[in-house]
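Throughout, a chain's letter reflects where its sequence line sits, starting with A, and its residues are numbered from 1.
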Amino acid sequence: MTDTAIRDDAELIAAIRRGDEAAFAGLVDELTAPLTRLALAHVPSRAVADEVVQDTWVGVIRGIDRFEGRSSLRTWIFQILLNNARSRGQREKRTLPFSSLRRHDPEGRNEPAVDADRFQGRRGEYPGHWARPPVEWDSPVERLAGDAAREVMLTAIANLPERQREVLTLRDIQGYSAEEARNALELSETNQRVLLHRARSKVRAALERHFDSEAGR
Amino acid sequence: MSTAIDEMTCREFVELVTDLIEGELAEAKRVEVEAHLGECDGCATYLEQIQQTIAGLRRLADADDLPRTREQALAAFRELKRTN
Ligand SMILES: [Zn+2]
């Protein structure tokens with residue numbers, strides 16, 4: 001957000017209602033990137049994501065006079081975007097690579113961060129400790145910036161349950177704080193953290209499989 | 001690696017990594033987690049990989065050119081606000 005942006009909701013809402021374009025533009029500049037990334041967590045292409053974002057702004061302009069302030073302005077805008085993006089994503093679902101992997105548990109809460117078989121069982125020398133510990137990645141900075149790792153991450157993200165994908169997108173790709181992500185997605189503190197934990201664990205596991213196989217492990 | 005029965009296992013450690021990074025562990029738990037980290041190479045590597053993963057995810061944002069829709073949004077604002 002820029003220094004000149006209006007932070008106070010009531011003031012900002014009033015400005016947009018009376019047609020203050022600079023106030024609206026400030027909001028557009030602040031939110032278009034996170035809104036687009038969040039749309040991309042649901043729809044298959046950038047073109048469709050742009051349409052969803054545009055529809056969201058039209059919804060905001062049309063709805064601002066009736067907005068009652070039960071949530072914060074930004075939460076309201078994110079909820080408009082999410083409704084648009086989720087229903088658009090449902091419609092286009094057959095074209096999405098992750099559609100076949102949809103689960104009964106959309107939040108994916110009951111999964112360990114690391115496969116149980118990586119740890120020693122009850123009869124092991126040190127039960128619960130690593131049986132196959134992770135091996136350090138070679139030149140991680142360079143390789144994580146490469147196209148191959150990028151594809152691995154994008155595929156892993158596409159395979160995440162919906163809520164995990166939303167949280168990871170705002171927290172780790174967009175760089176939102178926990179509080180900003182909670183407000184945008186209307187999540188409790190604990191839920192936000194659990195979803196983020198599961199999502200990060202799975203992306204790490206995908207990268208590990210990729211790097212290990214490149215190293216011939 | 002320690003043999004003490006009441007000490008944290010690696011399996012427990014990996015579930016606390018996000019709480020640790022987010023600074024959401026209670027003091028006593030944090031001390032336990034850091035003690036485990038100090039003597040377990042596998043978990044130190046695991047934590048490092050989670051941090052590398054986060055850095056890698058952040059770089060996905062550098063790769064896309066956002067946003068493209070600003071002018072469209074402002075055009076809609078002008079149009080809809082004028083006809084109101
Ligand atoms: Zn350990």
Side-chain angles (χ1 to χ4, degrees), chain A residues 16 18-19 21 24-25 28-29 32-33 35-37 40 46 50-51 53-54 57-58 61-62 65 112-114 116 118-120 125-130 132-137 140-141 144-145 149-150 153-154 157 168 171-175 178 189 193-194 196-197 200-201 203-204 207-208, chain B residues 1-5 7-24 36 39-84:
Chain A
I16 293 168
R18 64 172 183 266
E21 189 177 322
F24 181 71
V28 168
D29 288 339
T32 297
L35 290 173
T36 306
R37 293 213 175 89
L40 279 168
R46 178 59 201 270
D50 284 346
E51 281 176 41
V53 172
Q54 179 65 8
W57 288 123
V58 170
I61 300 161
R62 290 217 163 102
D65 289 334
V114 174
R118 297 288 298 271
F119 302 104
Q120 300 177 36
E125 192 179 357
Y126 302 109
H129 290 259
W130 293 105
R132 282 187 297 123
V135 179
E136 278 187 50
W137 297 335
V141 176
L144 280 164
R150 190 182 143 77
M153 286 187 279
L154 290 174
I157 294 165
L168 187 87
R171 288 298 311 277
D172 289 346
I173 303 178
Q174 179 64 32
E189 213 174 309
R193 211 160 55 239
V194 169
L196 180 66
H197 180 67
R200 281 178 179 167
S201 306
V203 178
R204 187 212 67 90
L207 286 168
E208 179 181 53
Chain B
M1 197 177 285
S2 169
T3 53
I5 265 165
E7 280 198 7
M8 177 172 293
T9 64
C10 303
R11 201 172 174 162
E12 287 161 354
F13 176 90
V14 299
E15 300 300 345
L16 295 170
V17 161
T18 303
D19 290 356
L20 175 70
I21 295 172
E22 302 270 292
E24 295 291 344
H36 182 92
E39 56 188 36
C40 180
D41 289 345
C43 286
T45 299
Y46 184 85
L47 175 62
E48 187 178 50
Q49 290 182 350
I50 287 286
Q51 279 159 337
Q52 288 163 346
T53 299
I54 296 167
L57 287 165
R58 194 70 181 96
R59 295 199 61 142
L60 291 178
D62 304 339
D64 52 28
D65 57 332
L66 293 165
R68 275 189 231 154
T69 51
R70 181 180 198 271
E71 289 313 313
Q72 256 182 295
L74 297 186
F77 186 76
R78 270 169 232 138
E79 191 189 314
L80 290 165
K81 276 294 164 186
R82 197 175 302 144
T83 54
N84 265 348

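- Side-chain contact between B:L16 and B:L20 is absent, with no heavy atoms from C-beta onward closer than 4.5 Å.
- Between A:E21 and B:R78 a salt bridge is recorded (basic side-chain N to carboxylate O distance below 4.0 Å).
- Between chain B and the options A:L207, A:I173, A:L144, heavy-atom pairs under 4.5 Å are most frequent for A:I173.
- Interface remark: B:A73 contributes backbone and side-chain atoms alike to the contact with chain A (heavy atom separation under 4.5 Å).
- If you look at A:W130 and A:F119, their ring centroids are closer than 6.0 Å.
- When heavy atoms are compared at a cutoff of 4.5 Å, A:E136 approaches chain B by way of both its backbone and its side chain.
- No side-chain donor from either of B:E7 and B:H36 sits under 3.5 Å from a side-chain acceptor of the other.
- Interface remark: of the candidates B:Q52, B:E48, B:E12, B:Q52 forms the most heavy-atom pairs closer than 4.5 Å to chain A.
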Discussion item. For a side chain to side chain contact (heavy atoms under 4.5 Å, CB included) check, start with the C-alpha distance between A:D172 and B:R58, then their side-chain angles and the critical distance, and finish with the verdict.
Written reply: CA-CA 6 Å; A:D172 289 346; B:R58 194 70 181 96; over 6 Å; no
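- Contact count versus chain B (heavy atoms, under 4.5 Å) is highest, among A:P133, A:A149, A:G175, A:A178, for A:G175.
- Interface residue A:V203: backbone and side-chain heavy atoms are both found under 4.5 Å from chain B.
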Item to complete: Please assess A:W57 against B:L74 for the test side chain to side chain contact (heavy atoms under 4.5 Å, CB included), listing each intermediate value before the final yes or no.
Response: CA-CA 9 Å; A:W57 288 123; B:L74 297 186; over 6 Å; no
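- Looking at A:L35, there are no atoms closer than 4.5 Å to chain B (heavy atoms on both sides), in backbone or side chain.
- Between chain B and the residues A:E51, A:R118, A:R62, A:R171, the largest count of heavy-atom pairs under 4.5 Å involves A:R171.
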